Amino acid sequence: MEQVKDLRNCLQKGNTPYRGRAILERFDLSVDDLVMGVQCAKCLQYPMVRKRDHWSCLRCGFKSGDAHLAALRDYQLLISNEISNHEFRKFTGMNSRKVAWKLLSEVCLQHSGQTKDRKYMLDFL
Ligand SMILES: [Zn+2]
């Protein structure tokens, strides 16, 4: 996991266009090597859980309304520029399809496909 964190910091500092699964392959990692879930901005632990209208840290109790944005940024840097509702729920550990739709619709202005096949573009970051 330290390797992934170093990689993320390197990408952000260098503003490199080298994105997506190719970067995982370069470091001989797969998506399964990544820690899934929303990270707490206060204690840096995983995961935060989604409550009715905010994220809550299981360890320190910190609450955030937009902690999913950092998770989406990680997803964009490490996996893909687009994400489906199912992929978002799997990556963040969220159960509600409706809440996932609401959060993605708020931040992703562009999407392609319909209903279950819809992909949201992560170009807001
Ligand atoms: Zn915390």
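Side-chain atoms are counted along with the backbone in the values below, which use heavy atoms only and exclude waters and symmetry mates. Heads up: numbering here begins at 1 and tracks the sequence. Computed from a predicted structure; not experimentally measured.
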Distance, nearest 0.5 Å, that separates OG of Ser84 from CZ of Arg118: 12.0 Å

Flag side-chain contact, heavy atom, 4.5 Å: Leu122 against Cys108: yes

Tyr75 versus Glu82, closest heavy-atom pair with distance: CE2-O, 3.5 Å

Pairs touching residues 44-59 that satisfy salt bridge (charged side-chain N to carboxylate O under 4.0 Å, His left out), sequence neighbours left out: none

same_hphob_cluster(Phe88, Val49) at 4.5 Å side-chain heavy-atom cutoff: no

Spatial distance of atom CG (Leu72) from atom CG (Leu104) [nearest 0.5 Å]: 6.0 Å

Point-to-point distance, once rounded to the nearest 0.5 Å, from OG of Ser64 to CG of Leu69: 8.0 Å

Greater than 12 external heavy atoms within 6.0 Å of His86's NE2: no

Pairwise distance CD1(Ile83) to CD(Gln76) - rounded to 0.5 angstrom: 10.5 Å

For Asn85 against Ala100, the heavy-atom pair lying closest together: OD1-CB, 3.6 Å

Side chain proximity check, Ile23 to Leu78, heavy atoms < 4.5 angstrom: yes

Donor-acceptor contact present, side-chain Asp117 to main-chain Gln114, <3.5 Å: no

Inter-residue atom distance Ser56.OG - Met48.CE, 0.5 Å rounding: 6.0 Å

From CH2 (Trp55) to CG (Asp66), nearest 0.5 Å: 11.0 Å

Using residues 34-45 as the side-chain source, report each donor-acceptor pair under 3.5 Å to any protein atom, sequence neighbours left out, with the distance given to one decimal.
unit_1 : atom_1 : unit_2 : atom_2 : d
Gln39  : NE2    : Leu44  : O      : 2.9

Sequence neighbours excluded - salt bridge (charged side-chain N to carboxylate O under 4.0 Å, His left out) pairs with any residue from residues 84-108: Glu87-Lys119, Lys102-Glu106

